[in-house]
Protein chains: 2
Amino acid sequence: MVFDYQLHLILLFSYFAFKIYLRIIFKKEVKMMPRRGPFGPPWWHPWFKNCGCRITGPREVILQVLSEMPGHPSADEIYLSVKKLYPQIGLATVYRTLDLLANLGLVHKLDFGEGRARYELAKGPGTKGHHHHLICIRCQKVVDYADFTDEEREFLEKVEKSLSEKYNFQITDHLIQFYGICEECRRREGEEK
Amino acid sequence: MVFDYQLHLILLFSYFAFKIYLRIIFKKEVKMMPRRGPFGPPWWHPWFKNCGCRITGPREVILQVLSEMPGHPSADEIYLSVKKLYPQIGLATVYRTLDLLANLGLVHKLDFGEGRARYELAKGPGTKGHHHHLICIRCQKVVDYADFTDEEREFLEKVEKSLSEKYNFQITDHLIQFYGICEECRRREGEEK
DNA sequence: TTTTCTATTGATAATGATTATCAATAATAA
DNA sequence: TTATTATTGATAATCATTATCAATAGAAAA
């Protein structure tokens, strides 16, 4: 019993020590295990069970990759990342899974006007809260924007109430994006003149 | 001189009389002439001249069609409408012209998440003012929404100012869309249960 | 008016993201 | 363990949009 506990501690210590070692070697974060509570199933299992969806290898890996990719990856970028951990993955499976996750509300499907969709994990530990996007119309750079939530919430509530009444719509979601020219592009264009 | 003036009046009267006649026969609005001031060039000519663009037949027809199509037509729908007035038009020209018009700010390019763009005339007589869109996530129906502009303007000014300062973006535009389920689809889904 | 220059056009091929198809596989319930 | 069927991977198909290119036609200059 006591030995068990000590063994556990030693293994846990070794795990973190090795992770730190790898981090020093590769100079980046290394995730060795799928993200899960230390003594329980990953957080997304209930969502799958709930809709009668099966929990499969490809889905686990796609969710893991999504939770580790910063920014707003495209389907293709996700596919390439998944391929490293799970080489037999097919592109169609990535599209299907992203579609499923979007329907479950676990990811947001984003459109920055590039002619392809981008994705962002919406639920789970470590995800950003509600936010909007600020997009540079020159270089397509995207900045997440999450300020002014008080006024925003008030404003949106008012508008959504009004819309519900006037058009008999049951509002489920909204999209707000700002477009502009980022500092870098402005500077570059200034120099060109 | 005086005769000239009277002739003008008679012709003008005949034009409207005939238009009303056609309207009764076909039960819809009939546009017989390109939309232009009665004694001047169409309103969009200055925009073209200004950027060194040539004023061509296809462009005139596309603008005319845009000013007469209600709602939010897709490139393909515009192409088919233009084809009736100008059968030799090519699809590529429609795309090129819409792209040009969007860059000039004469049309808005819209995205309702259907995998193809839709367009809306932004300038010129008879166009709707600034408004947003309310989209049914079931049947894709789109309602134009233009209320609450006071609060909205105040809110947006505040946000855009904050964004300019914080991220050094020069804000040029914004996009606000609301998603929901329209009355019809809600009723239909209620019945299915 | 005529000439000259070159932006624009139409036809069509190419692109590229996403979706459909289908036999093989594997997750789950019994 | 077995039966059921959702899911998968490979690949073909789809479909909106873009690129290519020789021919055409605005419009500035002569």
Side-chain angles (χ1 to χ4, degrees), chain A residues 34 41-42 44-63 65 72-104 107 109-119 140, chain B residues 34 41-42 44-63 65 72-104 107 109-119 140:
Chain A
W44 57 74
H45 281 204
W47 265 275
F48 280 75
K49 300 273 188 190
N50 217 33
C51 70
C53 294
R54 291 177 180 172
I55 291 156
T56 66
R59 287 175 178 174
E60 300 252 31
V61 179
I62 287 169
L63 270 157
V65 161
H72 317 93
S74 65
D76 200 64
E77 286 163 4
I78 293 165
Y79 168 68
L80 291 176
S81 281
V82 170
K83 222 173 164 53
K84 289 178 194 158
L85 297 174
Y86 193 95
Q88 71 268 37
I89 193 79
L91 180 56
T93 302
V94 173
Y95 274 104
R96 276 185 300 236
T97 305
L98 288 171
D99 197 51
L100 171 66
L101 294 174
N103 282 333
L104 290 179
V107 309
K109 187 173 179 178
L110 310 171
D111 184 339
F112 299 144
E114 309 164 284
R116 62 174 157 174
R118 293 188 166 274
Y119 300 84
Q140 307 291 322
Chain B
W44 56 75
H45 282 201
W47 265 275
F48 280 76
K49 301 272 188 187
N50 217 31
C51 71
C53 293
R54 291 180 181 170
I55 290 157
T56 67
R59 286 176 180 173
E60 300 252 31
V61 179
I62 287 168
L63 270 157
V65 161
H72 317 92
S74 65
D76 201 62
E77 286 163 3
I78 294 165
Y79 168 67
L80 292 176
S81 281
V82 170
K83 223 174 163 54
K84 289 177 194 158
L85 297 176
Y86 193 95
Q88 71 269 37
I89 192 81
L91 181 56
T93 302
V94 173
Y95 274 105
R96 275 185 300 234
T97 304
L98 288 171
D99 198 51
L100 172 65
L101 294 175
N103 283 333
L104 291 178
V107 308
K109 187 174 180 177
L110 309 171
D111 184 338
F112 299 145
E114 309 163 284
R116 61 174 154 172
R118 293 188 167 273
Y119 299 85
Q140 307 291 322

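Throughout, protein chains are lettered first and strands after them, A, B, ... in sequence-line order, and every chain is numbered starting at 1. Quick caveat, the model's predicted, so the values are computed rather than measured.
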If you look at every strand shown and take non-hydrogen atoms under 4.0 Å, does B:Y86 touch a base, only sugar-phosphate, or nothing? sugar-phosphate

Taking all atoms of both residues into account, what is the closest heavy-atom pair of B:V107 and B:L98, and its distance? CG2-O, 3.9 Å

Under 4.0 Å, counting only non-hydrogen atoms across every strand here, what does B:G115 touch: a base, just sugar-phosphate, or nothing? sugar-phosphate

Would A:H45 and A:E60 count as having a side-chain donor-acceptor pair, cut-off 3.5 Å? yes

NA contact type, B:R54, heavy-atom cut-off 4.0 Å: base, sugar-phosphate, or nothing? base

Do A:C53 and A:R59 have side chains that approach each other closer than 4.5 Å (heavy atoms only, starting at C-beta)? yes

Whole angstrom value for the distance that separates P of C:dT19 from CG of A:D99: 6 Å

Separation of C:dG16 atom C1' from B:R116 atom CZ, nearest Å, is 18 Å

Return whichever of B:K109 or A:A92 has its heavy-atom-nearest nucleotide of DNA chain D closer to the 5' end. A:A92

A:A75 backbone acceptor or donor facing A:R116 side chain under 3.5 Å: no

Tell me what A:R59 touches on the nucleic acid: a base, only sugar-phosphate, or nothing, going by heavy atoms under 4.0 Å. sugar-phosphate

Measure across A:I62 and A:I89 and return the closest heavy-atom pair with its distance rounded to 0.1 Å. CD1-CD1, 4.5 Å

What is the distance, to the nearest angstrom, from the CG atom on A:N50 to the C1' atom on C:dT28? 16 Å

Using the closest heavy atom to pick a nucleotide of DNA chain D for each, name whichever of B:R96 or A:V94 lands nearer the 5' end. A:V94

Can you tell if the side chain of B:L63 reaches within under 4.5 Å of the side chain of B:F48, non-hydrogen atoms only? yes

Please determine whether a side-chain nitrogen or oxygen atom of A:Y95 lies at a distance below 4.0 Å from atom OP1 or OP2 of C:dT18. yes

Rounded distance [0.5 Å steps], OG1 in B:T97 versus CG in B:L104: 10.5 Å

What contact category does A:T93 fall into here, base, sugar-phosphate, or nothing, at under 4.0 angstrom with non-hydrogen atoms? base

Which whole-number value in Å describes the distance from A:F112 CZ to C:dA17 P? 16 Å

Where chain B begins and ends its contact with DNA chain D, read 5' to 3' at 4.0 Å from heavy atoms: D:dA16 to D:dA27

Between B:N103 (CG) and C:dT8 (P), how many Å, whole number? 13 Å

Give the rounded distance in Å between these two atoms: CD of A:Q88 and C1' of C:dA24. 14 Å

